[in-house]
Protein chains: 2
Amino acid sequence: MKKKATIYDIAKELKITAATVSRALNNNPKISEKTRKLVLETATKLNYKQNRLALALKSGKSKNVGVVVPFINKNFFASVIRGIEDELYPKGFHVIISQTHEDKDREKKIIQNLINAQVDGILLSTSFTNSNKEELRKELKKSIPFIFFDRVLKYENISTITINDYKGGFDATEHLIKQGCKRIAHFSVNQDIILYKNRFNGYKDALKKHGLPFKNEYVIYLKSDMEAGKEAAKKLMKLPVPPDAIFSSTDNGILGAVKYLQSKSIKIPEDFCVIGFSNEPFTQFLEPAISSVDQSPVEMGKMAAQVFLEQIENDQTIMVQKDVILPTTLIVRKSSSKLK
Amino acid sequence: MKKKATIYDIAKELKITAATVSRALNNNPKISEKTRKLVLETATKLNYKQNRLALALKSGKSKNVGVVVPFINKNFFASVIRGIEDELYPKGFHVIISQTHEDKDREKKIIQNLINAQVDGILLSTSFTNSNKEELRKELKKSIPFIFFDRVLKYENISTITINDYKGGFDATEHLIKQGCKRIAHFSVNQDIILYKNRFNGYKDALKKHGLPFKNEYVIYLKSDMEAGKEAAKKLMKLPVPPDAIFSSTDNGILGAVKYLQSKSIKIPEDFCVIGFSNEPFTQFLEPAISSVDQSPVEMGKMAAQVFLEQIENDQTIMVQKDVILPTTLIVRKSSSKLK
DNA sequence: TTGTAGGCGTTATCAA
DNA sequence: TTGATAACGCCTACAA
């Protein structure tokens, strides 16, 4: 358990000074080949490793970025992080992850902690609702780039990466209409999170475009889990005029609905069409396979990382806001394929 | 984009010295109430944040830990990381994640990078095979704790967290036998990864215990994906005497097998029983729901974190090796429920 | 080409 | 109770 070697150890060994060692290690041109070679040899001999902490303190750049998500063990977020890490690792950045547990206070604390740790930027998908927007603003008035992805809040000078939730909702709904569905219900979630509102608006506008009436009783707000989906489907099917299709803003919700409908021997897609959102892995394995809207989460992560890198590079200039909207892809599977 | 405040800024503001400010901020008893209050007020006024980097350099403790996995967007690893972060965050640690992409060279480099970044410990699930054991040893001879989880290599003084893969394999196989299956096949993976070998051995011993013959042609080595599972099942069913059950070391493998069997109108579980390993979320949603062996990945992460914390605390004493073996849980679902 | 010296932000030791 | 100073490991003017 011996102490780690420093440039001073190398210097002492060679009877030169630490500055020279530093230069040799950093390929500084102003140094003789002999010394460079000698230093390099001694470095490996002593098993020297550069202390990134010292460098970070000196340079003011930690080469760490913070990524903040509600939970990491959710396929969507894990995939975004995959994209971020894939993109940032080759540039020498380390990715620090933190989970908010959907807790506002925890989120705030996490952001402060990351700032204290001198991360070079923070990429986050918020648990905050708009009501907390003002409170969060203070934290964001820092000298590092913040980038929101997926669950975003709009602030001046803060970049965002989202998917086109509106179009995703619109396309999914229009697809159901084109399959001949006439009474399309919608599962939504907390409207404080803007992306759910956007999907909802896409749904409404698709109905309008095709002359279908919007009915309040066909819209249900539920948590994103299977049990809630079952309950919601049950409620819908008890209506005097039940729907003949559901567009759900979450795959978990539609999963519950499918299970409920199957338990009532309602045939999908013949009698009832469904489509979810997120294209979770399980949707393709079910029988029937469930149509869904793909969000390409890995791409989202890469894009967030790229925007971050851009902002880092232009640090001389003004921090420029950039709002990237990624396209969605409608994945049509059996659950909504009524027509041949 | 103003510069961050330091304790010197506070000191200057109050016409005292930085040392005093430091003491006030750290609740050092040797300080007057007045000064403490004044410092605290000025700190918030100037929006002072402690620079963890400087502290880390000074103390030699970065309060960061590295977590190394093949890919983060795989449910199992994401869940382990969830457990790790949940456990470590309250203790003030940040979790840095890196992905090896199953690439040995990349893994080695990642470990070096993390050490350079002065992490206080590294928790990893390796991509190395035993053939690379010696090469990796050098990296591990450092002054920080290393902890292997799930995919482990055994070294002296390095702790490991695994599940009881042997018993998981044994229980799964025995369960199939008790359901009346007589010709049980096995899907395995790369035998260089010890956990697959252990599951395999559990399978063999269960057969032996119940007097069933072990047949080499019933064992197939495949990659963990659906397509490979389909192929493997096809191969098995073309045998002169095809099996009547499969115990697979991966859920993805068994998923492919189920799809193939269903395409051939073979009834599960009536005519054929299957059981997987890992209890991936999708297994419970399929029709039929697939039996599997649960590995409680979140628990594994928590345990890995706890072992790390123990080793950090005892840093005065010898680093003591600890091999934790977590229990598996057999999850019986329809796919292997032949008996009523 | 190499050495000297200062500083990044903290804390700890010793003096006052 | 407070101040002065050194140290953590590295880099970079500036000087030699």
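Quick note on labels: first sequence line is chain A, next is B, and so on, each numbered from 1.
Per the geometry, CG belonging to A:Asn51 stands 13 Å off C1' belonging to D:dC11, to the nearest Å. Atom NZ of A:Lys4 and atom P of D:dG9 are 10 Å apart (whole Å).
Using modelled atom types, one side-chain atom of B:Ser125 and one backbone atom of B:Phe149 make a donor-acceptor pair closer than 3.5 Å. Side chain of B:Ser62 to main chain of B:Gln118: a donor-acceptor pair is present (N/O by atom type, distance under 3.5 Å, no hydrogens or angles).
Counting heavy atoms from C-beta on, the side chains of A:Val39 and A:Ile7 never come closer than 4.5 Å.
Comparing the local axis fitted to the first five base pairs of the helix from C:dT1-D:dA16 to C:dA16-D:dT1 with the one fitted to its last five gives a bend of 50°, rounded to 10°.
Sequence order on DNA chain D of the closest nucleotides to A:Leu57 and A:Ala19 puts A:Leu57 first from the 5' end.
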Side chains of residues 24-31 of chain A: which donor-acceptor partners sit under 3.5 Å, not counting sequence neighbours?
unit_1	atom_1	unit_2	atom_2	d
A:Asn26	ND2	A:Ser22	O	2.6
A:Asn26	ND2	A:Ser22	OG	3.4
A:Asn28	OD1	A:Lys30	N	2.9

Atom pairs and distances, side-chain donor-acceptor, residues 65-73 of chain B, under 3.5 Å, sequence neighbours left out:
unit_1	atom_1	unit_2	atom_2	d
B:Asn73	OD1	A:Arg82	NH1	3.4

Let me have the donor-acceptor pairs involving side chains of residues 50-57 of chain A, under 3.5 Å, with sequence neighbours excluded, atom names and distances please.
unit_1	atom_1	unit_2	atom_2	d
A:Asn51	OD1	A:Leu53	N	2.8
A:Asn51	OD1	A:Ala54	N	3.3
A:Arg52	NH2	A:Lys63	O	3.2

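A heavy-atom distance below 4.0 Å to DNA chain D is reached by these residues of residues 6-16 of chain A, ordered by number: A:Thr6, A:Ile7, A:Tyr8. Of the residues in residues 21-41 of chain A, those placing a heavy atom less than 4.0 Å from an atom of DNA chain C are A:Arg23, A:Lys30, A:Ile31, A:Ser32, A:Thr35, in numerical order.
Within the structure, salt bridge (charged side-chain N to carboxylate O under 4.0 Å, His left out) pairs that include any residue of residues 6-17 of chain B comprise B:Glu13-B:Lys45 (at least two apart or interchain).
One finds a salt bridge joining A:Arg36 and A:Glu33 here, because a Lys/Arg side-chain nitrogen approaches an Asp/Glu carboxylate oxygen to under 4.0 Å.
Under the salt bridge (charged side-chain N to carboxylate O under 4.0 Å, His left out) criterion, A:Arg23 pairs with no residue at all, not counting sequence neighbours. In this structure, the salt bridge (charged side-chain N to carboxylate O under 4.0 Å, His left out) partners of A:Lys322, at least two apart in sequence or on a different chain, are A:Glu310. With sequence neighbours left out, B:Asp103 forms a salt bridge (charged side-chain N to carboxylate O under 4.0 Å, His left out) with no residue at all. Shown here are the salt bridge (charged side-chain N to carboxylate O under 4.0 Å, His left out) partners of A:Glu41, two or more places apart in sequence or in another chain: there are none.
Between the side chains of B:Thr17 and B:Thr20, no donor N or O sits under 3.5 Å from an acceptor N or O.
From the 5' end on, the contacts that DNA chain C makes with chain A at under 4.0 Å to a non-hydrogen atom open and close at C:dT1 to C:dG9.
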